[in-house]
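Encoded as structure tokens, the structure appears first; notes follow it.
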Amino acid sequence: MGKLLAVALVGIAAALVVERLLTLRNRLNASREIAPVTLLNCRLIKGIESGSEDIDILPNGLAFISSGLKYPGIKSFAPDKPGEIFLMDLNEDNPRAVEMRISRGFDLASFNPHGISTYVDKDDTVYLFVVNHPHQKSTVELFKYVEDDNSLVHLKTIQHDLLTSVNDVVAMGPDSFYATNDHYFSDFILMFLEMFLGLTWSNVVYYSPKEVKEVAAGFYSANGINISPDRKFIYIADIFDHNVHVMEKHANWNLTHVKKLQLDTLVDNLSVEPSTGDIWTGCHPNGMKLLYHDPENPAASEVLRIQNIVSEEPVVTRVYADNGSVLQGSSVASVYKGKLLIGTVFHRALYCEL
């Protein structure tokens, strides 16, 4: 009887493991291949060789680009090189990426930038919020942009017990923001276990010097976050649930669920076109290829444009798709006056004229 029970328990455990593996494969879209969608006027951006994970464009056409992310389980082409912030002026006829100088006193050696967000104050001061993972921890670095020499002055480092595994931020003021925690745990093994078990413990946190609180929860992995042009709605990408959540923002900074848009791809960062309200997003058609890098079968790239997301009939257009032969692991897409920038987690960056 004891042996029979043991065999039964082993069988049940094996069945559960198999079920979890199959579910994980589905969440990663492990079998998905995509047909190419090409854009004619595109070129790789010179100087960006090890990622362009997030991009934020100011209303005047200056684009900030985070580069050099080292993230657990993800390929890095420059594992020993500190991260960088690049700047591009999209008003130029032939825009180029220039590495920004960061003020003394900031620990550049451990700089590991992830999601970014800009905020333009009433006096036109530009603040740049950068998610940073020094020594695999999570902080948010606040910089001030100095236009005279295109440099960044570091103002402060923000840490909090609720900011455990920060992926992206969207600035709400000169020292306040919403942030996504893509995992509940920060330890790599526990992060993998969280993903393997399909736990919905990821969340969104509001931070200000006066108040820090959880404002949304129940995500498989909250990733990109942004705000509508009228500042009424917050958009949140759940990368492992293949969707974008629309949340209403309230005066007390709490968020309430409005709707979610289900897609067939792993949605990463979200950019909002100010003039139209359209959401542009860099996506991972097959997450398995992103996690298990194979130079012979690289991670693909995909860009979606989402129009009228709050309406009953949003329009989703696949603007760009590549099998990895040009661009691997797209994580962001951002537009300015007919010019499109596509960034990646660990690879190059693409500039296109639409």
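Hydrogens, waters and symmetry mates play no part in the numbers below; they use all other heavy atoms, side chains included.
No donor-acceptor pair closer than 3.5 Å links the side chain of Asn167 to the backbone N or O of Asp182. The main-chain N or O of Gln159 is never found under 3.5 Å from a side-chain atom of Thr139 such that the two would form a donor-acceptor pair. Side chain of Tyr207 to main chain of Leu162: no donor-acceptor pair is present (N/O by atom type, distance under 3.5 Å, no hydrogens or angles).
Atom NZ of Lys81 sits in a sparse spot, with 12 or fewer heavy atoms from other residues, nucleotides or ligands closer than 6.0 Å. When the shell of 6.0 Å around CG of Asp161 is examined, it contains 12 or fewer heavy atoms from other residues, nucleotides or ligands. Within a 6.0 Å sphere centred on NZ of Lys156, heavy atoms belonging to other residues, nucleotides or ligands number more than 12. Other residues, nucleotides and ligands place no more than 12 heavy atoms under 6.0 Å from the CZ atom of Arg104. Around atom NZ of Lys259, more than 12 heavy atoms belonging to other residues, nucleotides or ligands sit under 6.0 Å away. Residue Glu147 qualifies as open at atom CD: its count of foreign heavy atoms under 6.0 Å is 12 or below.
A salt bridge between Arg96 and Asp89 is absent, with no side-chain N of the basic residue lying under 4.0 Å from a carboxylate O of the acidic one.
The distance between the ring centers of Tyr71 and His114 falls below 6.0 angstrom. Between His293 and Phe77, the distance separating the two ring centers is shorter than 6.0 angstrom.
Between His154 and the choices Phe143, Tyr145, Tyr127, the ring-ring contact (aromatic ring centres under 6.0 Å, His included) rule is met once, by Phe143.
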Requested in this report: Report the C-alpha separation of Val215 and Tyr178 in whole Å, then their side-chain angles, then the decisive distance to 0.1 Å, and conclude whether the side chain to side chain contact (heavy atoms under 4.5 Å, CB included) test is met.
Outcome: CA-CA 9 Å; Val215 291; Tyr178 289 106; 3.9 Å; yes

Report task. Evaluate the criterion side chain to side chain contact (heavy atoms under 4.5 Å, CB included) for residue pair Val345 and Ser331; output intermediate values, then yes/no. Result -> CA-CA 6 Å; Val345 178; Ser331 56; 3.8 Å; yes

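In the model, Asp54 has no side-chain atom that pairs as donor or acceptor with a side-chain atom of Ser66 under 3.5 Å.
When hydrophobic side chains of Ile, Leu, Val, Met, Phe, Trp and Tyr are connected at separations under 4.5 Å, Phe188 ends up as a singleton with no cluster partners.
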Extract all donor-acceptor atom pairs below 3.5 Å that involve side chains of residues 189-196 and protein atoms in other chains or at least two apart in sequence.
from, atom 1, to, atom 2, distance (Å)
Glu194, OE1, Tyr184, N, 3.0
Glu194, OE1, Phe185, N, 3.2
Glu194, OE2, Tyr184, N, 2.8

